[in-house]
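Notes follow once the structure below has been shown.
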Protein chains: 4
Amino acid sequence: MSPRTEAQNREIRQESMQKIMDAASRLIAQKGYEATSIAEIAREAGVSKGLLYNYFSSKQDLLEKMVLSAMSQADDVMERLVADDPRQTLENMIRELFRQLHERSEHIRLMMELTFKIDRFDFVRKMASDRYQFYIKFIEDLFHKIGIPDPANEARMLAALCDGIGVQYTVLKGVYSIDQLEEFLVNKYCKKDQQT
Amino acid sequence: MSPRTEAQNREIRQESMQKIMDAASRLIAQKGYEATSIAEIAREAGVSKGLLYNYFSSKQDLLEKMVLSAMSQADDVMERLVADDPRQTLENMIRELFRQLHERSEHIRLMMELTFKIDRFDFVRKMASDRYQFYIKFIEDLFHKIGIPDPANEARMLAALCDGIGVQYTVLKGVYSIDQLEEFLVNKYCKKDQQT
Amino acid sequence: MSPRTEAQNREIRQESMQKIMDAASRLIAQKGYEATSIAEIAREAGVSKGLLYNYFSSKQDLLEKMVLSAMSQADDVMERLVADDPRQTLENMIRELFRQLHERSEHIRLMMELTFKIDRFDFVRKMASDRYQFYIKFIEDLFHKIGIPDPANEARMLAALCDGIGVQYTVLKGVYSIDQLEEFLVNKYCKKDQQT
Amino acid sequence: MSPRTEAQNREIRQESMQKIMDAASRLIAQKGYEATSIAEIAREAGVSKGLLYNYFSSKQDLLEKMVLSAMSQADDVMERLVADDPRQTLENMIRELFRQLHERSEHIRLMMELTFKIDRFDFVRKMASDRYQFYIKFIEDLFHKIGIPDPANEARMLAALCDGIGVQYTVLKGVYSIDQLEEFLVNKYCKKDQQT
DNA sequence: AATGAATGAGACTTCATTCAT
DNA sequence: GATGAATGAAGTCTCATTCAT
């Protein structure tokens, strides 16, 4: 066999890492971080435990890299939501939240799981804190542009509201009709003639 | 010497159980359920592991009894908040939420931790689901009496908002000024001349 | 209250000890020595753990006293079986074995359980060994009187046979018809015109 | 370096499992199932506790696999004992029993130990019951061919006898001369001019 | 005589991690 | 790059035993 080229190796690495992170996402979202074992993740990913440790130096390192990756993906999504009209941006954001609740509820579940590891893993603390502040600031700007009074508090409220909907959807799944809420929010926050 | 009376024993047991549950609350709120070991709880409570198992048949049973106890306490608090004027009731509830965030943030932390054990422990699922629905209905009634339009969705929003504030306070603790938010909410929801 | 007399105390002690030993017999026969806890025995006997330790210095001590008591009872039974005619004595012994299998199979079960503790408890080893030899010798004498050739080996065979029937009855309980075997043995060993 | 081949791994696993089962056999035969700890078995086998759990999912599973293996070995031995002449088959069986008592008394001890776990472990109940009935039937056939009257009861007697000799050998080890008994039994059951 | 709260050693089991191949 | 056998620390839980009352 001829040795693999550098590029081939890189690609193989990328693929394996992604497989592992996807498997970990699924399992951790379902069962929680502690209840998910490395052995299980490796099995679900279809690789050996040894290989997993080639890519991730520890279980925590895997978690860190997963969070980074998830954040980066979230940023990509965010960028696409920004429109010229701040009201439209807001609507896009709200509709995206509900889309994710519908289509990737497990992903939301994972983020919640992680949020509450905040006191155990410093990297989560820093990252989550930064992002929360960033998003709140971002919404505040939108509100400011729209001309809503007290945009700072309104922004914190909307951010909290989104989180809370995530929590309640997770808890009440099945009894919690999201669709009405989506229209309600869009009407409330994004229509010209409405005032919060 | 004669053995202890039944009443004496009951008191001793009560005390020990409470010591254990308090210790468990502190630790689980701080580090999470899985990361808190029985040995640690016993040490923090100042009792032996064996005694813990005299009162709680398993780690999960301890959690269950803690939840039951917390729920019962929460019910007691709730009852005291109800006033003749629905606006006043709402204000009491909101102020109580913030008081707890201030004074018993660890307790909030614990409830959050538990909420996300929902897929692991059936007893949490049932209990949490029932309570969520009860509180949402309760708020809906208040809104209805006050005459707010679309009280159903407004209630779900307020409930989510409260949860979300809990989450964000937990995450942003220290950077998150609660006091402004409290007045903001009271003004928004409980003053006669305000409309959501 | 007037203090109890010495005699009353002795009687109370006797009674309590017997209750405990009976409870222990039932449970150990059912579940085995290791699987039966002191707490269970005390509960079944209707006394406290503390009292149990007043009478028996340890779990092993309880077992020892139970064995002693069982042996003593067995001796009493044996005495009543001896008849003038050695053939009749043999028949009595065989019929007694089957009566016990029928009516006190749990007792047989307990003895089996104990027999196999022989390598862990020295007192069992010594006692069991002595008794086995005594009974074998006793049967040998009977065979000798009856005039059966090679009574030594025949006695060892009959003794083994009785043990084996106990084992098989325990194992095959429900599929193992004892009654035919009883007549078969009586015919074989105790009738004048029969020869082993 | 390339990973081990599947065949290499299989062999490594086989070896480790065998080491563990052998160690467990020795210890359980000596001290009993409950009194033998997993830690001890691992130490005796020269492996870690963890490895033991790679191969056996629990202490009971280890016992089950040991029983299965022992049964399978016993079957192999049985097959070799069958001869054309039923008397010869009987003699082979009896001589094999005594050979095992001499050379593998620990193995007999283990089987006894297991037999009395019958009420604790369902798999033992089924397996033991089936085998007992099979062997009794097998002996009955031999007796029938030889022309012994009442072969059914005689078979049950011989089977019980074998068990009983096992028990007594275990109990009286050292004081129990087996050799005479062997010749005695062979003479009694397998010689043409003898009648039971 | 009698109770049962309390202890702590030790049992079984899980799992992140290492390393020879 | 890839495997999985092997380890051992740590976790949950049980239970014989002690002792203040």
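The sequence lines fix the lettering, A, B, ..., with proteins before strands; numbering per chain opens at 1. These numbers come from the heavy atoms of this one structure, side chains and all, not from hydrogens, waters or symmetry mates.
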Here the distance between atom P of dT13(E) and atom OH of Tyr55(D), to the nearest Å, is 18 Å
Is Arg120(D) reaching over with its side chain to a backbone N or O of Lys31(C), donor-acceptor style, under 3.5 angstrom? yes
Interatomic spacing from CD in Glu34(D) to NZ in Lys59(D) - rounded to 0.5 Å: 6.5 Å
Of the listed dA1(E), dT7(E), dG1(F), the closest approach to the Arg13(C) side chain comes from dA1(E)
Assign each of Gln8(D) and Leu52(C) to its nearest nucleotide of DNA chain E by heavy atoms, then name whichever residue's nucleotide is nearer the 5' end. Leu52(C)
Rounded to whole Å, CG of Leu63(A) lies from P of dA16(E) at a distance of 12 Å
Would you say the ring centroid of Phe121(A) lies under 6.0 angstrom from that of Tyr33(A)? yes
Report yes if at least one side-chain N or O of Ser16(C) is closer than 4.0 Å to OP1 or OP2 of dA2(E); otherwise report no. yes
Is a salt bridge present between Asp22(C) and Arg26(C), judged by a nitrogen-to-oxygen distance below 4.0 Å? no
How about CD on Gln60(C), more than 12 heavy atoms from neighbouring residues, nucleotides or ligands closer than 6.0 Å, or not? yes
Let me know the distance between CD of Glu11(C) and C1' of dA1(E), rounded to the nearest Å. 14 Å
If the threshold is 4.0 Å, N to carboxylate O, is there a salt bridge linking Lys19(B) and Glu15(B)? no
Applying a 4.0 Å non-hydrogen cut-off, can you work out what Phe56(B) is touching in the nucleic acid: base, sugar-phosphate, or nothing? nothing
Quick check: does any side chain N or O of Ser25(D) sit under 3.5 Å from a backbone N or O of Met21(D), one acting as donor and the other as acceptor? yes
Starting from Watson-Crick (N1-N3 plus N6-O4 or O6-N4) and G-U wobble pairs under 3.5 Å, report the runs of at least three that DNA chain F belongs to. E:2-21 with F:2-21
Asn9(B) has an atom CG; how far is it from atom C1' of dC19(F), in whole Å? 13 Å
In the 5'-to-3' direction, what one-character label does each nucleotide of nucleotides 8-15 of chain F receive under the scheme B = base within less than 4.0 Å of a protein heavy atom, S = sugar-phosphate only, - = no such atom? B-BSSBBB
How close or far is atom P of dG1(F) from atom CD1 of Ile20(A), stated in whole angstroms? 11 Å
Gap between atoms CE and P, on Met17(B) and dA5(E) respectively (whole Å): 12 Å
Taking CZ from Arg4(D) and C1' from dT21(E), how many angstroms apart are they, rounded to a whole number? 6 Å
Do you know which two heavy atoms are closest between Ala24(A) and Met66(A), and how far apart they sit? CB-SD, 3.5 Å
Would you say that Gln73(B) contacts Ser69(B) through its side chain, given a criterion of any heavy-atom pair below 4.5 Å between the two side chains? yes
Rounded off to whole Å, could you give me the CD-to-P distance for the Gln14(D) and dA5(F) pair? 12 Å
